[in-house]
Amino acid sequence: MTNILVPVALLLVLGATAVPFFLREVELARAAFPYVFTAGAVLLLIARIFTPYRGSDLRLKRLHRIEAWSAIFFCAGAFFLFYNPYQLRDWLALTLAGAVIQIITSVAIPLRESKIAGKK
């Protein structure tokens with residue numbers, strides 16, 4: 001289930017993030033992108049909460065916990081989309097922070113898993 005939910009949620013976040021930059025003239029897109037972004041952020045948070053790491057490696061457990069923080073950053077960004085909709089600085093900063101964490105963990109987790117598999 002999370003193999004489908006996480007990519008869909010990240011695509012929703014990506015698509016909604018691109019709207020203010022590329023579709024400025026389309027009013028429907030401007031009105032809907034906060035809701036699409038929030039849906040993606042909440043779906044990602046649900047996926048991260050309900051699929052914790054159950055292995056014994058502490059480093060992998062830490063990396064999965066850090067990966068869950070990216071979803072929390074996206075949810076905080078969604079809050080700022082509704083709190084102050086005319087100021088995109090806070091929302092964009094939290095989105096970029098979540099994206100950086102997501103990129104780092106998407107590289108570090110498979111590297112660590114392959115290192116563990118190589119030892120066994």
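Only a predicted model underlies this, so the values are computations on that prediction, with no experimental measurement involved.
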(request) Decide whether L92 and L44 are clustered together by the hydrophobic rule: side chain heavy atoms of Ile, Leu, Val, Met, Phe, Trp, Tyr closer than 4.5 Å, transitively. (result) yes

(message) For A41 versus C75, what's the shortest heavy-atom pair and its separation?
(response) O-SG, 3.5 Å

(message) Test of understanding: clusters of I, L, V, M, F, W, Y form through side-chain heavy atoms closer than 4.5 Å, transitively. Do V6 and L45 belong to the same one?
(response) no

(message) Within the structure provided, determine whether T17 and W91 are in side-chain contact (heavy-atom separation under 4.5 Å).
(response) yes

(message) Going by the rule side-chain contact (heavy atoms from CB on, under 4.5 Å), which residues pair with F82 if we only count those two or more places apart in sequence or in a different chain?
(response) P34, Y35, T38

(request) Mark yes when over 12 heavy atoms from residues, nucleotides or ligands other than I4 sit less than 6.0 Å from its CD1; otherwise mark no. (result) no

(message) Just verifying a value: how many Å separate T105 OG1 and R112 CZ, rounded to the nearest 0.5 Å?
(response) 15.0 Å

(message) Under 4.5 Å between side-chain heavy atoms, counting indirect links through other Ile/Leu/Val/Met/Phe/Trp/Tyr residues: same cluster for V19 and L96 or not?
(response) yes

(message) Are F37 and F33 an aromatic pair, judged by ring center distance below 6.0 Å?
(response) no

(message) Measuring only between side-chain heavy atoms, which start at C-beta, is T95 closer than 4.5 Å to F73?
(response) no

(request) Measure across A9 and G40 and return the closest heavy-atom pair with its distance rounded to 0.1 Å. (result) CB-O, 3.3 Å

(request) With the side chain counted from C-beta on, respond yes when F74 and L10 share a heavy-atom pair under 4.5 Å apart, and no when they do not. (result) yes

(request) Taking the side chain as every heavy atom from C-beta outward, state whether I116 and L60 have any pair of such atoms under 4.5 Å apart. (result) yes

(request) May I ask you to test the I109-H64 pair for a side-chain heavy-atom distance under 4.5 Å? (result) yes

(message) I need the minimum non-hydrogen distance between S70 and Q102, along with the two atoms involved.
(response) OG-OE1, 2.9 Å

(request) Working to the nearest 0.5 Å, report the span between CG of L63 and CZ of R65. (result) 10.0 Å

(message) Between I101 and I66, is the side-chain contact (heavy atoms from CB on, under 4.5 Å) condition met? List the steps.
(response) CA-CA 7 Å; I101 291 173; I66 291 170; 3.7 Å; yes

(request) Please report the closest heavy-atom contact between G77 and L94, naming both atoms and the distance. (result) N-CD1, 3.7 Å

(message) Are the side chains of L43 and L12 in contact, using a 4.5 Å heavy-atom criterion?
(response) yes

(request) Specify whether F80 and Y83 have parallel, tilted or perpendicular ring planes, treating 30° as the upper limit for parallel and 60° as the lower limit for perpendicular. (result) perpendicular

